[in-house]
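Just so you know, these numbers use all the heavy atoms, side chains as well, and skip hydrogens, waters and symmetry mates. As the structure lists them, so they are numbered: ligands from 1, and atoms in each ligand from 1.
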Amino acid sequence: MSAKVLDGRAVAAELKEELRTAIAGAGARLGLAIVRGGGDEAAEVYARRLVSLCDELGVATRVVDLPAGEGTAGAAARVAELNGDPAVMGILVQLPLPGDVDTDAVLAALDPVKDLDGVSPGNAGRLYLGLPGLAPATPLAVMELLRRYEVQLEGRRAAVIGRSNITGKPIALLLLREHATVTICHSRTPDLAAVAREADVLVAAVGRAGLVTGEMVAPGATVVDVGTNFVDGQLTGDVAYDEVAEVAGAVSPVPGGVGPLTNLMLVRNLLEAAKLQAESAPPSG
Ligand code: NAP
């Protein structure tokens with residue numbers, strides 16, 4: 001195995017200390033709300049992890065469970081309440097929401113300056129336009145990993161496999177913002193291997209274990225694995241790690257790559273959100 005490991009746990013440990021310092025210096029106590037549909041065990045585990053990270057960092061949290069049967073209007077009303085609550089600087093809407101709720105309508109109800117995971121149309125539009133705003137946490141985690149390992153992006157060819165609104169598309173836009181030449185691949189891309197092999201930086205955000213094989217990777221390329229799949233009860237990414245590590249210059253593992261950074265990016269977004277709200281507050285007195 002020759003590739004350098006892009007170690008998300010090591011980066012997370014550094015970043016956590018930086019965030020602790022920034023939070024301590026923020027002045028006001030930061031507060032975050034998680035809105036969720038309930039009933040999903042994975043969502044519950046995820047919320048618990050985020051709450052425990054926030055506890056550790058001194059951020060106040062509130063979990064708002066949407067009552068069953070209130071539909072879109074009920075969910076949007078909860079979001080509106082949180083938009084108006086000055087103790088809540090950031091709101092995370094955990095997906096999936098219950099089947100009777102129009103997810104797009106709820107995300108559109110988020111105040112863009114409190115939209116912690118950058119999923120509202122306002123923030124998606126700002127990312128598209130290259131304006132400052134809150135971007136989704138997992139794409140930010142990919143960029144942070146690349147930045148900490150000083151992977152050159154400007155002028156390099158990047159390929160992103162996956163085009164979802166929460167991973168693939170924003171990752172591609174963030175790479176473009178850093179002046180990479182970006183190709184977005186998806187399930188209808190013919191000869192995915194040939195496109196992937198042209199990339200200096202290859203990002204997989206699909207959800208298929210072992211999709212990216214050694215023969216799809218250019219020698220020396222940087223490979224970032226966003227995928228989370230469970231195979232025989234084991235967490236694994238989209239990249240066939242051992243064979244890719246023989247060819248790539250650097251590769252992020254799963255677990256221990258992008259994952260450990262994602263919640264920290266939400267907390268970093270919370271600091272950014274608090275700043276945006278302070279800037280947009282009417283002058284007192
Ligand atoms: P998604 O909404 O299901 O999107 C998957 C994308 O992969 C789609 O664009 C799809 O193409 C494409 N795709 C599917 N099969 C393909 C194939 N054979 N070849 C090329 N492209 C293919 O998934 P997501 O929400 O973006 O999540 C992607 C992965 O990231 C999942 O494993 C998820 O668990 C993981 N994830 C990890 C984190 C983290 O913190 N590490 C956070 C979020 C998500 P079409 O558009 O053509 O269907």
Side-chain angles (χ1 to χ4, degrees), residues 5-9 11-12 15-16 34 36 40-43 45-50 53 92-97 103-104 107 116-119 124 127 134-146 148 158-175 182-199 202-213 215-217 223-231 233-241 244 251-269:
V5 179
L6 302 176
D7 182 350
R9 290 194 181 114
V11 172
L15 188 60
K16 197 193 270 189
I34 302 168
R36 60 177 192 186
D40 182 328
E41 192 178 335
V45 170
Y46 177 81
R48 264 205 305 275
R49 280 204 193 124
L50 181 56
L53 173 67
L92 177 72
V93 177
Q94 257 197 309
L95 302 181
L97 292 173
T103 299
D104 288 342
L107 299 183
L116 216 53
D117 206 12
V119 288
L127 181 59
L134 299 169
T138 300
L140 288 176
V142 170
M143 299 309 287
E144 191 63 20
L145 198 55
L146 293 171
R148 298 265 174 165
V160 180
I161 314 177
R163 58 172 163 179
S164 77
N165 290 337
I166 194 70
T167 64
K169 262 190 250 176
I171 291 167
L173 287 168
L174 289 168
L175 289 165
V182 185
T183 304
I184 305 177
C185 311
H186 45 77
S187 66
R188 323 277 171 94
T189 300
D191 202 354
L192 180 65
V195 182
R197 257 196 314 270
E198 290 197 347
L202 178 63
V203 182
V206 175
R208 281 185 186 222
L211 177 81
V212 176
T213 57
E215 63 167 24
M216 294 170 70
V217 173
V223 180
V224 180
D225 192 351
V226 179
T228 53
N229 311 288
F230 284 90
V231 177
Q234 297 287 322
L235 175 60
T236 178
D238 290 343
V239 172
Y241 187 85
V244 166
V251 59
S252 74
V254 176
V258 173
L261 294 171
T262 299
N263 279 346
L264 290 164
M265 290 296 122
L266 286 174
V267 175
R268 198 174 74 180
N269 270 355

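Looking at atom 21 (N) of ligand 1, its nearest protein heavy atom turns out to be H186 C, 3.2 Å. Counting protein heavy atoms only, atom 42 (C) of ligand 1 is closest to T138 OG1, 3.0 Å. Atom 1 (P) of ligand 1 has S164 CB, 4.1 Å as its closest protein atom, hydrogens excluded (heavy atom only). With respect to atom 47 (O) of ligand 1, the closest heavy atom belonging to the protein is S187 OG, 2.5 Å. Closest to atom 46 (O) of ligand 1 among all protein heavy atoms lies R163 NE, 2.7 Å. Among all protein heavy atoms, the one lying closest to atom 31 (C) of ligand 1 is G207 CA, 3.7 Å. The shortest contact between atom 15 (N) of ligand 1 and any protein heavy atom is with R208 NE, 3.3 Å.
No donor-acceptor distance shorter than 3.5 angstrom exists from the side chain of D117 to the backbone of P136, with no hydrogens or angles considered. Remark: side-chain polar atoms of S252 are not paired, donor with acceptor, to backbone N or O of V258 under 3.5 angstrom. T189 contributes no side-chain N or O that, together with a main-chain N or O of L192, makes up a donor-acceptor pair within less than 3.5 Å. Judged by distance alone, with hydrogens and angles left aside, the side-chain atoms of D225 form no donor-acceptor pair with the main-chain N or O of P253 at under 3.5 Å. Judged purely by atom type and a 3.5 angstrom limit, D238 has no side-chain atom pairing as donor or acceptor with the backbone of L211. With hydrogens and angles disregarded, a donor-acceptor distance shorter than 3.5 Å links the side chain of N269 to the backbone of L116.
Under 4.0 Å from ligand 1, heavy atoms of V206 appear from its side chain as well as its backbone. Under 4.0 angstrom from ligand 1, the non-hydrogen atoms of L211 all belong to its side chain. The part of T262 lying near ligand 1 is the side chain, judged by heavy-atom distances below 4.0 Å. Contact annotation for D238 and ligand 1: no heavy atom of the residue comes within less than 4.0 Å of the ligand.
At least one side-chain heavy atom of L175 sits under 4.5 Å from a side-chain heavy atom of M143. A heavy-atom distance below 4.5 Å is found between the side chains of V212 and L202. Looking at heavy atoms from C-beta onward, V93 lies in side-chain contact with L95 at the 4.5 angstrom threshold.
No heavy atom of C185 sits closer than 4.0 Å to any atom of ligand 1. Residue-ligand proximity: A205 is placed with a non-hydrogen atom under 4.0 Å from ligand 1.
Here the CZ-SG distance, from R163 to C185, works out to 10.5 Å after rounding to the nearest 0.5 Å.
Close contacts between ligand 1 and I166 involve ligand atoms 25 (O) [criterion: under 4.0 Å to a heavy atom]. Counting atoms of ligand 1 from 1 in the listed order, those under 4.0 Å from a heavy atom of G162 are 6 (C), 7 (O), 9 (O). Taking a cut-off of under 4.0 Å to the non-hydrogen atoms of T167, the atoms of ligand 1 that pass are 24 (P), 26 (O), 43 (C), 44 (C).
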Should R197 and E215 be marked as a salt bridge (charged side-chain N to carboxylate O under 4.0 Å, His left out) after you check the CA-CA gap, both sets of side-chain angles, and the distance that decides it?
CA-CA 8 Å; R197 257 196 314 270; E215 63 167 24; 5.5 Å; no
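With atom 37 (C) of ligand 1 as the reference point, the heavy atom nearest to it among V142, I161, V226 is part of V226. Within the set T228, V258, I184, the minimum heavy-atom distance to atom 33 (C) of ligand 1 is found for T228.
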